[in-house]
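Values below: every heavy atom of this structure, side chains too, minus hydrogens, waters and symmetry copies.
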Amino acid sequence: KHAGELPGNLRLLRASLYLASEQLTEADHDLAALTDPETASPKAEILRADLAIRQDRETDAIEAINRISDEQQTSESRMLRAAALARIGQSVEARNDLAIILQNEPDNIDARLMHADVSTDLGEWKTALDDAASVLSKNPENVDARRIRGTCQFHLKHFQDAFEDLDSA
């Protein structure tokens with residue numbers, strides 16, 4: 001078959017591969033060529049959101065995820081929306097998505113780390129410190145968690161601990 005005649009499921013797979021290999025124009029082309037009902041599938045919306053974030057189009061990413069029903073939301077879709085919300089300064093809303101993920105998956109390191117980062121943005125030093133410590137208990141070499149923990153230690157006036165974390169970050 002000609003590339004333009006690919007069935008929707010293969011077009012979605014190829015768009016996903018293009019995104020993974022940073023071929024954004026090609027991914028965008030495949031996503032634009034989807035037809036109904038493929039266009040509105042949760043997988044297609046997640047790929048659109050991922051592409052939009054990579055292109056610094058956070059509002060488009062949020063809109064794509066918001067087109068997915070609450071029942072069809074996944075950790076992946078919530079993470080993408082949280083990332084986009086955090087990037088445009090909507091930290092409280094980002095935290096809400098992350099809290100849902102962590103309620104269902106308390107060991108999700110990516111969500112825990114993003115929750116720590118968002119909590120830092122909100123000045124919630126103790127929450128961010130606990131999240132960063134949780135990440136570091138599972139991944140002691142995580143530089144981002146160490147940086148967040150050091151920043152929190154500083155704001156909580158635990159200066160020696162802050163020095164140790166920030167020196168090793």
All heavy atoms of Ala52 vs all of Ala61, minimum pair found to be CB-N, 3.6 Å
What are the two closest non-hydrogen atoms of Ala145 and Ala132, and how far apart are they?
-> O-CB, 3.5 Å
Point-to-point distance, once rounded to the nearest 0.5 Å, from CD of Gln160 to CD of Gln153 | 10.5 Å
Shortest non-hydrogen separation from Gly8 to Leu34 and the atoms involved | O-CD2, 3.9 Å
Output for pair (Glu124 CD, Lys126 NZ), nearest 0.5 Å, gives 13.0 Å
Partner residues of Asn66 under the side-chain hydrogen bond (donor to acceptor under 3.5 Å, both in side chains) criterion, sequence neighbours left out | Arg81
Set of residues satisfying salt bridge (Lys or Arg N to Asp or Glu O under 4.0 Å) with respect to Arg87, sequence neighbours excluded | Asp56, Glu58
Find out if a path of hydrophobic residues (ILVMFWY) with successive side-chain heavy-atom gaps under 4.5 Å connects Leu51 to Leu85.
-> no
Is there a donor-acceptor pair under 3.5 Å between the side chain of Arg149 and the backbone N or O of Asp165?
-> no
Give every residue pair that meets the salt bridge (charged side-chain N to carboxylate O under 4.0 Å, His left out) criterion with at least one member in residues 18-28, sequence neighbours excluded.
-> Glu22-Arg54
Working to the nearest 0.5 Å, report the span between OH of Tyr18 and CG of Asp30.
-> 6.0 Å
Could you grab the distance from atom CG of Asn104 to atom CZ of Arg78, nearest 0.5 Å is fine?
-> 8.0 Å
Heavy-atom pair of closest approach, residues Ala94 and Ala82 | CB-O, 3.4 Å
Calculate, to the nearest 0.5 Å, the distance between atoms CG and CD belonging to Leu136 and Glu141 respectively.
-> 9.0 Å
Identify whether Leu31 and Leu24 are in the same connected component of the hydrophobic contact network (ILVMFWY, side-chain heavy atoms under 4.5 Å).
-> yes
Any Lys/Arg nitrogen of Arg48 or Asp60 sitting under 4.0 Å from an Asp/Glu carboxylate oxygen of the other?
-> no
Would you name the heavy atoms of Arg112 and Pro106 that are closest together and state the gap between them?
-> NH2-O, 3.0 Å
Please tell me if the side chains of Thr59 and Glu63 come closer than 4.5 Å, counting only heavy atoms from C-beta onward.
-> yes
Does a side-chain heavy-atom distance below 4.5 Å link Pro42 with Thr74?
-> no
Going by the ring-ring contact (aromatic ring centres under 6.0 Å, His included) test, which pairs reach into residues 71-130, not counting sequence neighbours?
-> Trp125-His155
Distance from Leu156 atom CG to Leu129 atom CG, nearest 0.5 Å?
-> 6.0 Å
So do the side chains of Asp107 and Leu102 get within less than 4.5 Å of each other, counting heavy atoms only?
-> no
Hydrophobic cluster (4.5 angstrom, side-chain heavy atoms) - remaining members for Leu122 = Met79, Val92, Leu98, Ile101, Met114, Val118
Would you kindly confirm whether Ile109 and Leu80 end up in one hydrophobic cluster when ILVMFWY residues are joined by side chain heavy atoms under 4.5 Å apart?
-> no
Side chain Thr151, main chain Arg147, donor-acceptor under 3.5 Å | yes
For Asn108, all residues meeting side-chain hydrogen bond (donor to acceptor under 3.5 Å, both in side chains), sequence neighbours excluded | Glu105
Can you tell me if Asp117 uses its side chain to pair, donor with acceptor, with the backbone of Leu113 under 3.5 Å?
-> no
Backbone N/O of Leu17 and side chain of Ser21: donor-acceptor pair under 3.5 Å = yes
Closest contact, heavy atoms only, Gly150 versus Ala162 | O-CB, 3.4 Å
